[in-house]
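Shown next, in structure tokens, is the structure this report addresses.
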Amino acid sequence: VPADKVTPQDIAAVSVVVLANVGEIPPASATALTELLARGGGLLFFVGDQAKPEKFNAVFGNLAPFKLRQILQAGSADGDNAESLTKIDYEHPVFEVFAAPHHGNLSLPKFGRYWETTYTQRSRVLARFGDGRPAVLDRGIGKGTSLAFVSAPDTDWNDLPFQSVFLPLIHQSMRFLAVQTGQRTTFSIGETLPVPEGGTLKGPDGRTQADVPGFYSIMGKDGAVQLQVAVNAALTESNPAILVPEELVASVETPANDAQPQFSAGGLPVAGKAGAASGNLWWFLLCAAVALSAGELVLANRTVRH
């Protein structure tokens, strides 16, 4: 959603807001972001060239884990003199999945441009650049959390989007910020949705009942969206806990009478007999291959090489 088009109602309906290179937003939306953090929601900042220090600090100074100073040019985003992430806090939920070997190398992304920032003791620096300046920070505000990357995921700034760690990094960030709310947003068909008394439900194709998978909006009496939820297909059939062990064994076990040779009315063998004959033939082929290998070894040892 374009920053100047977002409404307080949009913000009230979600658990996490991502500010992707946003320099400012309307005052009413800024107030809604404050309320989002107060109730336990999350903000994720990616700061780029749309941000102007004076304006950004005035609008987001109490919402972001830092204040902006100036853009630093370390080099080109393709790696020439660019900075990498160092001093990463792998105990933090955002980075913990990368701590194990072969689970992604966070030092591979190269950052050619990034913001120099100031921060308070209430902020935590989760990763730094090679020059020691903060690269990723977070801060608890109200019941929620504000998380920020001081470089925008853009080729003019870095090559982070082209790295394999980018997608899991975004997923980890969203999980970390969304879990703060503790509000359930995923359901299965047949479950009761938290529609308030007098409220309404609106889903795909204008449906008012959650009878098909999709995204649904829960609205209050005033028609304002209070929550958006995802409704998935029921997973009952794929639940192994409801399967009787005897049924599973019976589905893969060959009946005893199928093991006996079967003949047609004319006395010709049917598939069961042919299958057994083919199985015996493989044993002969295997023995022949072993014999040939042994013969080759003996012949090679007796042959004089010049």
Side-chain angles (χ1 to χ4, degrees), residues 1-48 50-51 55-65 93 138-149 152 170-234:
V1 179
D4 59 347
K5 302 297 183 182
V6 70
T7 66
Q9 290 75 24
D10 295 329
I11 297 173
V14 300
S15 301
V16 179
V17 171
V18 180
L19 295 155
N21 195 11
V22 175
E24 60 178 301
I25 56 175
S29 296
T31 300
L33 290 180
T34 302
E35 295 172 350
L36 171 68
L37 290 171
R39 69 173 185 265
L43 293 182
L44 176 58
F45 287 88
F46 285 101
V47 190
Q50 294 299 314
K55 190 67 176 180
F56 183 93
N57 295 338
V59 176
F60 299 111
N62 295 324
L63 301 174
D138 80 346
R139 174 185 168 191
I141 302 176
K143 295 180 180 179
T145 302
S146 177
L147 176 68
F149 293 76
I170 296 299
H171 286 178
Q172 286 297 111
S173 300
M174 297 298 288
R175 289 191 185 99
F176 168 67
L177 295 172
V179 75
Q180 309 297 320
T181 63
Q183 189 171 18
R184 185 180 177 189
T185 57
T186 303
F187 298 83
S188 297
I189 293 177
E191 291 187 296
T192 302
L193 301 184
V195 180
E197 184 177 355
T200 56
L201 181 69
K202 185 177 180 180
D205 301 327
R207 293 176 178 270
T208 57
Q209 292 185 347
D211 51 0
V212 298
F215 293 98
Y216 291 79
S217 297
I218 297 176
M219 295 170 286
K221 294 181 180 180
D222 58 356
V225 178
Q226 296 184 352
L227 181 66
Q228 288 182 324
V229 298
V231 176
N232 300 312

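Only one option out of Val17, Val59, Ile11 pairs with Ile25 in a side-chain contact (heavy atoms from CB on, under 4.5 Å); it is Val59.
Gln226 places no side-chain N or O within 3.5 Å of a backbone atom of Ala12 that could act as its donor or acceptor partner. Of the possible donor and acceptor atoms, none in the side chain of Ser146 sits under 3.5 Å from a partner among the backbone N and O of Arg139.
Residues satisfying the side-chain contact (heavy atoms from CB on, under 4.5 Å) criterion with Ser217, sequence neighbours excluded, are Val225, Gln228. Checked against side-chain contact (heavy atoms from CB on, under 4.5 Å), Pro2 has the following partners two or more places apart in sequence or in another chain: Asp4, Lys5.
Separation of atoms CG (Leu37) and CG (Leu43) is listed at 4.0 Å; rounding is to 0.5 Å. Atom CG of residue Leu36 and atom CD1 of residue Ile141 lie 10.5 Å apart, to the nearest 0.5 angstrom. Summarising the geometry, atom CD1 belonging to Ile170 is positioned 6.0 Å from atom CG belonging to Leu44; distances are rounded to the nearest 0.5 Å.
Smallest separation of non-hydrogen atoms from Gly48 and Ala152: CA-CB, 3.7 Å. What you find for Lys143 and Arg39 is that their closest heavy atoms are CB-C, 4.1 Å. Across every non-hydrogen atom of Ser188 and Ala233, the tightest pair is OG-O, 4.3 Å. Between Val195 and Ile218 the shortest heavy-atom distance is CA-CG2, 3.9 Å. Looking at every heavy atom in both residues, Leu177 comes nearest to Thr145 through CD2-O, 3.5 Å. Scanning all heavy atoms of the two residues, the minimum distance from Phe60 to Leu33 falls at CE2-CD1, 4.2 Å.
Among pairs with a residue in residues 19-34, those fulfilling side-chain hydrogen bond (donor to acceptor under 3.5 Å, both in side chains) read Asn21-Asp49, at least two apart in sequence or across chains.
Ring-centre distance between Phe187 and Tyr216: not below the 6.0 Å cut-off.
You'll find the side chain of Pro26 stays beyond 4.5 Å of the side chain of Thr7, heavy atoms only.
Around atom CG of Asp211, more than 12 heavy atoms belonging to other residues, nucleotides or ligands sit under 6.0 Å away.
Aromatic ring pairs are classed by plane angle as parallel below 30°, tilted from 30° to 60° and perpendicular above 60°; the pair Phe46 and Phe149 is parallel.
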